[in-house]
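In the text below, chain A, chain B and the rest are named by the order of the sequence lines, each starting its count at 1.
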Amino acid sequence: MRETALTIVENKEGLLITGINCFDLDLTLHCGQAFRWEKNENGRHHGVAFGKMLDIRQTAQGVLLSDTSTADFEQVWRGYFDLDRDYAALCDNFCADTGLKTAVEQFPGIRILKQEPWEALCSFIISQNNNIPRIKGIVTRLCERFGNPLGQGDFTFPSAQKMAELNTDDLAPLRAGFRARYMIDAAQKVASGEVKLTELENAPLDEARCELTKIKGVGAKVAECTLLYGCGRVEAFPVDVWVKRLMEELYPQGLPPCTNGSQGIAQQYLFHWRRQQ
DNA sequence: AACCAGGCGCATA
DNA sequence: TATGCGCATGGT
């Protein structure tokens, strides 16, 4: 983790951030790690995270954030977009491996979003045996129905405390299917403190995995996704059907050493690369 | 109309 | 410990 030299300039359109290396906003928001971003015309992306809405787009000058403030940029978006991680150095390391080199060169600029732990957990419970458009639909209905309104049709992601008060019948309108009871169980265990999500950021990885799999509907894959996307654990390595195929074909002995410590980031490049065939 | 989708729980051996 | 099947829902 290194301080990168970001420049923040306020203009009439919002906050212009320059000096970000290795950042493709479109890829990052729509590569299947987050489910609450919509791209509209003019290449603007609109979404909500950490209870804040954001309008963001990438131009030749840099990355332009609208409807936000410098305070929110520092407190929320800087961390969310992982802007203080040196992806150039990371990708440089990855390129020691020819497969990863191809993936990185073909899709440069993918970053791992640091999402809220509860949102990541709940979203990836919904993701199981499901496809991305439908995952987005379920998450959207969940937020509209049980989140707090932010105005202009935006809603926060509902808290675990709020969802712990609900039952599976309440979730029926979401059409989440068999996943509804898993969502309720997760909400109850998080709200009660039986599973302490904030402690997973620093716990030994195996211990963190073990904690998460206490929740019904959370197996190895969902636990790993929660750790990677929600707890900042970039060494977590989710293996879905795409990555499984890829591992069997390319890395039967396991990931190359150049990914050590950042296996989850390598995974995101490999996942996207393999899916684009 | 069968098959698939960023899996998991459960039964069976 | 290891496999196989059912699961809700919706899109091809």
5' priority, DNA chain B, between A:R181 and A:C225 [closest heavy atom]: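 Taking each residue's closest nucleotide, the earlier one in sequence belongs to A:C225.
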Nearest-nucleotide 5' precedence on DNA chain B, A:P238 against A:G217: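 Nearest nucleotide further toward 5': that of A:P238.
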Lys/Arg cation over aromatic A:W273: A:R275, 6.0 Å, 45° cone: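 No.
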What nucleic acid atoms does [X] come within less than 4.0 Å of, heavy atoms only: base, sugar-phosphate, or nothing?
X: A:I135; result: nothing
X: A:A220; result: sugar-phosphate
X: A:E224; result: nothing
X: A:R275; result: sugar-phosphate
X: A:V239; result: nothing

Between [atom2] of [N] and [atom1] of [X], the distance in whole Å:
X: A:R134; N: B:dG6; atom1: CZ; atom2: P; value: 11 Å
X: A:Q115; N: B:dG6; atom1: CD; atom2: C1'; value: 13 Å
X: A:K221; N: B:dA5; atom1: NZ; atom2: C1'; value: 11 Å
X: A:Y182; N: B:dC8; atom1: OH; atom2: C1'; value: 5 Å
X: A:N129; N: C:dA8; atom1: CG; atom2: C1'; value: 9 Å
X: A:I184; N: C:dA8; atom1: CD1; atom2: P; value: 15 Å
X: A:N130; N: B:dA5; atom1: CG; atom2: P; value: 11 Å
X: A:F124; N: B:dA5; atom1: CZ; atom2: P; value: 17 Å

Taking only the [atom1] atom of each, what is the distance from [N] to [M] in whole angstrom?
N: B:dC3; M: C:dG6; atom1: C1'; value: 15 Å
N: B:dG6; M: C:dA2; atom1: P; value: 27 Å
N: B:dC8; M: C:dG10; atom1: P; value: 22 Å

Base of B:dG6 and ring of A:W242 stacked, centres under 5.5 Å, planes under 30°: no
Identified side chain to side chain donor-acceptor pair (under 3.5 Å) counterpart of A:E224 within the set A:Q267, A:Q263, A:R209: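 With A:E224 as partner, A:Q267, A:Q263, A:R209 yield a single side chain to side chain donor-acceptor pair (under 3.5 Å), made by A:R209.
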Pair A:Q268, A:Y229: side-chain N/O donor-acceptor within cut-off below 3.5 Å: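 A:Y229 and A:Q268 do have a side-chain donor-acceptor pair below 3.5 Å.
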Between A:N40 and A:H45, a side-chain donor and acceptor under 3.5 Å: no
Would you mind reporting whether [Y] and [X] have side-chain heavy atoms less than 4.5 Å apart?
X: A:C122; Y: A:M163; result: yes
X: A:D72; Y: A:S69; result: yes
X: A:K196; Y: A:E211; result: no

Closest nucleotide among B:dG6, B:dG7, C:dT9 to the A:Q128 side chain: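 Ranking B:dG6, B:dG7, C:dT9 by closest atom to the A:Q128 side chain puts B:dG7 first.
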Side chain of A:R179 - closest among B:dG7, B:dG6, C:dA8: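 That would be C:dA8.
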Dot-bracket pairing map - DNA chain C, Watson-Crick plus G-U, both contacts under 3.5 Å, | cross-strand: |||||||.||||
Geometric class of the A:H272/A:F107 ring pair [parallel <30°, tilted 30-60°, perpendicular >60°]: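 Rings of A:F107 and A:H272: perpendicular, as their planes differ by over 60°.
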